[in-house]
Amino acid sequence: MSGWLILAAILTSLSGLVYLAWTDPKRRRTHDLPKIARRPFVWPARIATFGPGVYLTIIGHWSGLAIWAGAVTTLGWIMAAITPETYANLRDDLHTKRASGWAKAQQMSKAALSLSAKYIPGRVLAWRIDLPRLVKAPTGTLQPADDIEALKARISALEARLHRLEDRQASDVADFEARDRIVVSVGENQTDKPLNAAE
Amino acid sequence: MSFLTQAKTKRFLAVHGWSGTLLGLLLYVCIFTGSIVVFEDEIDSWSRGQIAYHDSIGTLVDHKFRVAARNVDRKYYEEVSIFRLADGNMRYLFHTHETDQETGRIVEPIVRMTLDSETGDVIERWEGLRSELPSDPGGALRNFWVDLHVQLYMPNPYGIILVGVLGLAMMFAAVSGILIHRHVFRDAFVAARSSKRLVGARDLHVLAGAWGLPFAVILAFTGAFFGFAGNVGVPLMSMSAFGGDQEAMIETIVGVREDIDLTPAPLAALDFVIRDGMSRSGAAVNAIQITNYDSAGAKIMLQMDPSPGSLAPQTLAFDGVSRRFEGEAPLFGQAPSIGSSLLGIIGPLHFGNFAGLASKLVWLGMGLAMAFVTASGMLLWTKRREKDPLWRGFRHWIVVTVWGLPFAMLVSAVAYFITVPVADPNLWTPLGFLAGAVVAVGLGLRTESTEARLRLANAALCLAMPVLRHLMGGTSWAEALIGGGTEILVIDILLLAMGLLLLRKARPAVSDREIAPITPIQEPAE
């Protein structure tokens, strides 16, 4: 009972923290995410974050309070430390891995069935089932026997990642040049040249 | 958020940075080892290859204890301790206090008995002075890692005092860090920007520091307390209030039972006392202490496990003959007080052992977060000054220490497992650590890719450790599963997972591996 109470307290606080982190203006700004015009649930999220701690204090569950506080700060730190880019990459990876994993599973089941058809007598195989047709694909992944779709998903995920990397590189270069650029006058014209190209 | 002027902020920043830089490496060692030894009991049973016994002392103690006590001289009846060892056997310690004729110092003659908890047979008996107790080879790894944390493996009391100073430095760094950082709440969700510049490193440090602040203060304060209380606090108090007479101070604080009736009288049935204590506290008995056993002035103290929801364990006092409950014995002083209660929670708050594995896991997480704050702070401070070759070199050796410490600890574990069947692991475990440190320094002499090499070395040892443990006669996973040896399985699996993670991180980045170099397009000849 005590363990479940503490777990519930930690999960409640974590849900509040996820909302606060997701809608945090500075986090969104520093990671070039689109602005969110309104944050209607900030106070409920704050209450969800701190409320369980207050509740544990009121009922005098001191060991629960210590575990809750430690777990929330550690998990909150880990959650805040993961960048939105990493989240996006993880999501892409998961998506493509699920898709390709499903395609592989289908290939293997097909191979197993064709082997069984080859070596097991027809009468025994009267109950043989076409596994890929029977088993439904998990929600959100590609349909059975659709290897090309799996590849397409993989390619689009990689392209998205490449675009993000290019954007980041471009912004880094722009930052760098803006900081170190000097203005060198050549005759009447003024030309911007980087330091190392001053010659 | 900040209440400081710009000039004061700058001064605070300088002190914050310099104190962290000067003591940072030692602080990192202390915090990292502290995070690991939160699991000292689990490490002990893992390294011994024994399935730990989790039950408390039980309720059938009385008869076996009386039979064992009959074979002990009455002079040792002054104090008796009864507790259960990790392997399930019972340990009885009979001891008294005498003044050594040669040195004039108080010594503790002791009779130590280990009994089979089922049959009551005496497995081991040892007599001598407490200071001469033989070291336990099976616990060498645990003891070494604990010593490394508690006193940095330095002689007593210098090591403990130094660790106390480190605790104070950590507390100062935590508080000053928050004072100089003006947007601590506003930046609570700002992940490190993906930049190679300073701002990314600063984000990492500030984020971990802000989230870990409450526990940094708690762990630093309690650690500093343990560092100073015995070696500095008590002598200071006795000097200032009792003219240096420590015995008078202890008599005032703890009280002296001058009217002890030593007339022989049978001890009350221990099993009844245990049941009474359990019903009063709602928790199991962890240890029993009997003073003046077998006399009319006997007292029984039950040290209980923490009851559900509480942090500190209780100690219940009973009359040793009539079984009358005398109340909860305060940890400090002669009557319950706020000071005694606060003192009672310092230990659990520092060790994180008040709610079993759950609290230990949380304390491990917080400890590692603090180690990360310390390392990232030092790296940030040196990155600001990396144009100076001296600071650049220091930065390199910080990286060597950060990765070399876990490597040396793993090598000490290897040395322990190899030597425990054939030699004295109490000698070879520290030597293994030293060898690991020398190898880490050797790898650090090559400045390029030091971090990757040490990461790889750590990964290799993490992956090899469960195999080595098993090869040297440790409990197999099947035995651990059947016998309930969760610690052995969990630590092995954690090591394997850590090894795989480090191996994955040690691989070159995707962009380096997968993107082929761009070859210039050959222009057709005109």
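The figures here come from the full heavy-atom set of this structure, side chains too, leaving out hydrogens, waters and symmetry mates. Each chain gets a letter, A, B and so on, in the order its sequence line appears, and its residues count up from 1.
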Heavy-atom proximity to chain A below 4.5 Å, by part of B:A312: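 B:A312 has no heavy atom closer than 4.5 Å to chain A.
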Need one label for B:S310: side chain, backbone, both or neither, based on atoms under 4.5 Å from any heavy atom in chain A.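 The backbone, not the side chain.
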A:L20 portion near chain B, given a 4.5 angstrom heavy-atom threshold: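 Both parts, heavy atoms under 4.5 Å.
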For A:T74, which atoms come within 4.5 Å of any heavy atom of chain B: side chain, backbone, both, or neither?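 The side chain, not the backbone.
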At what distance, to the nearest 0.5 angstrom, does [atom1] of [X] lie from [atom2] of [Y]?
| X | Y | atom1 | atom2 | result |
| --- | --- | --- | --- | --- |
| A:S63 | B:L349 | OG | CG | 11.0 Å |
| B:L368 | A:W77 | CG | CH2 | 8.0 Å |
| A:T83 | B:D203 | OG1 | CG | 11.0 Å |

Determine whether more than 12 heavy atoms belonging to other residues, nucleotides or ligands lie under 6.0 Å from atom [atom1] of [X].
| X | atom1 | result |
| --- | --- | --- |
| A:M79 | CE | yes |
| B:F226 | CZ | yes |
| A:Y55 | OH | no |

Of the listed residues (A:A81, A:G76, A:A71), which shares the most heavy-atom pairs with chain B below a 4.5 Å separation?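 Winner by heavy-atom pair count: A:G76.
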Among the listed options A:P25, A:G64, A:G60, A:A69, the residue most often paired with chain B at heavy-atom distances under 4.5 Å: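 The candidate making the most pairs under 4.5 Å is A:A69.
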Step by step, would you call B:V362 with A:W68 a side chain to side chain contact (heavy atoms under 4.5 Å, CB included)? CA-CA 9 Å; B:V362 171; A:W68 168 83; over 6 Å; no
Search all heavy atoms of A:A66 against all heavy atoms of B:F354 and return the closest pair with its distance.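 Result for this residue pair: CB-CZ, 3.6 Å.
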Can you name the nearest heavy-atom pair linking A:R27 to B:A191, along with the distance?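 Looking at all heavy atoms of both residues, the shortest contact is NH1-CB, 3.6 Å.
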Side chain to side chain, B:F189 and A:L17, heavy atoms closer than 4.5 Å: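 B:F189 vs A:L17: side chains touch.
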If you tally heavy-atom pairs under 4.5 Å against chain A, which of B:G212, B:A210, B:A355, B:A208 wins?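 Highest number of pairs under 4.5 Å: B:A208.
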